[in-house]
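Since the model is a prediction, treat every value here as computed from it, not as a measurement. Order of the sequence lines fixes the chain letters, A, B, ..., with proteins taken first and strands second; residue numbering starts at 1 for each chain.
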Protein chains: 2
Amino acid sequence: MTEGATQPMVRATLEDVARAAGVSLATVDRVVNRREGVRAKTVARVEAAVAKLGYRADVAAARLARGQSFRFAFVLPTGSNSFMTNLSEQVQRAADWLAGQRGFIDILHVDVFDPDVLAGALDDLSPVYQGVAVVALDHPKVRDAIDELTARGVAVVTLVSDAPSSRRLHYVGIDNPAAGRTAATLMGRFLAAREGKVAVIAGSLSLRDHTERQFGFHQILTSEYPNLATLPVIEGRDDSARTRELTAALLKRHTDLRGIYCCGAGNRGIAEALEASGRARDVVWITHELTQHTRRFLVRGTLDAIINQDPGHEARSAARVLLAHCMEEPISPDQERIRIDIFLRDNLP
Amino acid sequence: MTEGATQPMVRATLEDVARAAGVSLATVDRVVNRREGVRAKTVARVEAAVAKLGYRADVAAARLARGQSFRFAFVLPTGSNSFMTNLSEQVQRAADWLAGQRGFIDILHVDVFDPDVLAGALDDLSPVYQGVAVVALDHPKVRDAIDELTARGVAVVTLVSDAPSSRRLHYVGIDNPAAGRTAATLMGRFLAAREGKVAVIAGSLSLRDHTERQFGFHQILTSEYPNLATLPVIEGRDDSARTRELTAALLKRHTDLRGIYCCGAGNRGIAEALEASGRARDVVWITHELTQHTRRFLVRGTLDAIINQDPGHEARSAARVLLAHCMEEPISPDQERIRIDIFLRDNLP
DNA sequence: CTGTTAGCGCGTTCAG
DNA sequence: CTGAACGCGCTAACAG
């Protein structure tokens, strides 16, 4: 048995360090927190003591003494598709957690799909907020509103949907082109060498994430799977009824339709059309986001794979990033990276 | 714009509650922490005040006042395969994080594949530890050692490899039969309707996780993909050289070998044999764990998919579960559930 | 440049 | 059954 280095039995306190270095508490505090006004020689002495005793600041005590608290606004879509409902719930849970850490989250619901409304909501945001997480839109007005907040010293993170041209601090969400490529690889491989057509259904091509997914999907499908022809993108406006009609028309018109990639919402409509057509097991259907509905379609075999982003992880990550920024603490990039999950029937959580 | 309920501007303290309820600090504390010795009437009055003010205990202050600290042992394998090395690093990072929360982690490396050695290490563990995380082995001696620790009041979580018959508090790891089923579905679908043989390479069939994966794999492949015949399982002992020989022999002997599922380690050997044979692009190869090696094989196209468990998540989860148990706090199951990740070339993190 | 001191919000004695 | 008072480890304001 090989022992690793064991930690000291009880942690050293600032006072222990002060005694060891022969200085006062305040001086040690200055050195540890890298504040000005200490002679280089003294700094060295203190740092030696810190190293010798293995001193680590007690975050609980520091937070208590600092007594600062934080207030963040989470700007989420009104609307009620399953994914966004789920995201709201997860933000609420992250808020409960943060409340124990002297952090408060207010959730604001706005129509994030209207650039004017969204920009207006950001402009009107109360100045009490030190941080904002927003499901953004890549539009000049929104970008300006974000930049204005940033200029006022407010930390802004974009959530799920990015505004890359803005000065937001951080984007919490998946790499959408990569998600589209992932869907394409699954589609191409599931269809093996079969020939035929593949349809792409987006919510709206004016949504950057849908466009990016579609872009990644096309990129791989056309370059690596020449046996499959992609049909022009269809916009279902994330609406089930409309998407059902469009899908039904698609199935009727193209008897050689082999696959459907849905890079937005409206999945219930697709499922209905597919099942009504009797070709559900024959057509490979890949979509985004694990919800109660898509889970059912996957288990039933109508849906073949789900590309997912974990809303719980996203909500917690946004909260952590904002908190870390306010406390001037570093974040650990690979804990904050949102992964592109692939779910098949067999690895559903 | 719809506003969510906004939180109070400053959090209520115990003292605020005491004043509102017309009692003292100590009484509120007793009620809040569900201690004995308070009249029912007083309890009710305090609880009303708590509800009215939306009081939430400040965890930082509570931790500071309690001043308790925790010490955990993480028992990890000696040996040096990439996954375990990675796990060690992640445990070290979790330890750095915990150190700020008054928690200390000592890392012990033992030969976890030898039941006697592992059980001995657990038996000999210093009594200073309130919690132990162990990469376990499903063996009576190990089970007894875990149960003995549990009986002594030590919280035990199994990590990556479980001992389900023991009285461990919690298992931090993936559902291995489900992981095997996931691999089988990918294999079956990637091979579409092609006919031929599929080989399964395990490290050792006396390792429960390898057996479970292999079981799940067979289950799906035989029931859903009758076009594919599975060859008898081969044991590569997680050794690259040996696995290379075995794979080469396999490729030579079965000209209709269509797929290889590796449910253990030794991936470098498989890659070498596949690439040497010139059939790397033809044979579908699926394996476990994202490492620097498997990443390369996947990007290069020799490997088709990786089934992964995130060691960073596992290390943090084990630490959180132990900490929560010691502080008698609840855990949130879906944050602690370890997912079965699927990585293709396109969604690598 | 450095030291002293008064809390931060809560848990835990110990008296009443 | 209830209350007063001290201290956890650290920060910040002030004094020297």
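Under a 3.5 Å cut-off, the side chain of B:Gln130 and the backbone N or O of B:Ser69 do form a donor-acceptor pair. Remark: side-chain polar atoms of B:Tyr171 are paired, donor with acceptor, to backbone N or O of B:Val160 under 3.5 angstrom. Remark: the backbone N or O of A:His109 is not paired with any side-chain donor or acceptor of A:Thr78 at under 3.5 angstrom.
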Exercise. Checking salt bridge (charged side-chain N to carboxylate O under 4.0 Å, His left out) for the pair A:Arg19/A:Asp16: CA distance, chi angles, key distance, verdict?
Worked result: CA-CA 5 Å; A:Arg19 209 175 7 248; A:Asp16 297 330; 2.9 Å; yes
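For the pair B:Arg19 CZ and D:dA4 P, the interatomic distance rounds to 13 Å; values are reported in whole Å. Atom pair B:Asp16:CG and C:dG9:P shows a separation of 8 Å (rounding to whole Å applied). D:dA12 atom P lies 16 Å from atom CZ of A:Arg34, rounded to whole Å. Put simply, CG on A:Leu14 is 4 Å from P on D:dC10, counting in whole angstrom units.
Across all strands, A:Leu64 comes closer than 4.0 Å to base atoms (heavy-atom distances). Among the atoms of the strands shown, only primed sugar atoms or phosphate atoms (P, OP1, OP2) are found under 4.0 Å from some heavy atom of A:Asp58. At the heavy-atom level, B:Ala60 lies nowhere under 4.0 Å from the strands shown.
For the helix from C:dC1-D:dG16 to C:dG16-D:dC1, the angle separating the two terminal helix axes comes to 40°, with each axis derived from five pairs and the value rounded to 10°.
Taking B:Leu25 as the reference, B:Leu14, B:Glu15 meet the side-chain contact (heavy atoms from CB on, under 4.5 Å) condition, with sequence neighbours excluded. Looking at residues two or more places apart in sequence or on another chain, you find a side-chain contact (heavy atoms from CB on, under 4.5 Å) between A:Arg143 and A:Pro140, A:Asp147, A:Ser165, A:Ser166. For A:Gln309, the side-chain hydrogen bond (donor to acceptor under 3.5 Å, both in side chains) criterion is met by A:Glu289, not counting sequence neighbours.
Between B:Arg39 and B:Gly67, the residue anchored nearer the 5' end of DNA chain D, judged by the nucleotide with its closest heavy atom, is B:Arg39.
Among residues at least two apart or in separate chains, salt bridge (Lys or Arg N to Asp or Glu O under 4.0 Å) pairs with a member in residues 319-328 of chain A are A:Arg320-A:Glu336.
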Check nucleotides 13-16 of chain C against the protein and report each pair of N or O atoms closer than 3.5 Å, with its distance, or say if there are none.
none

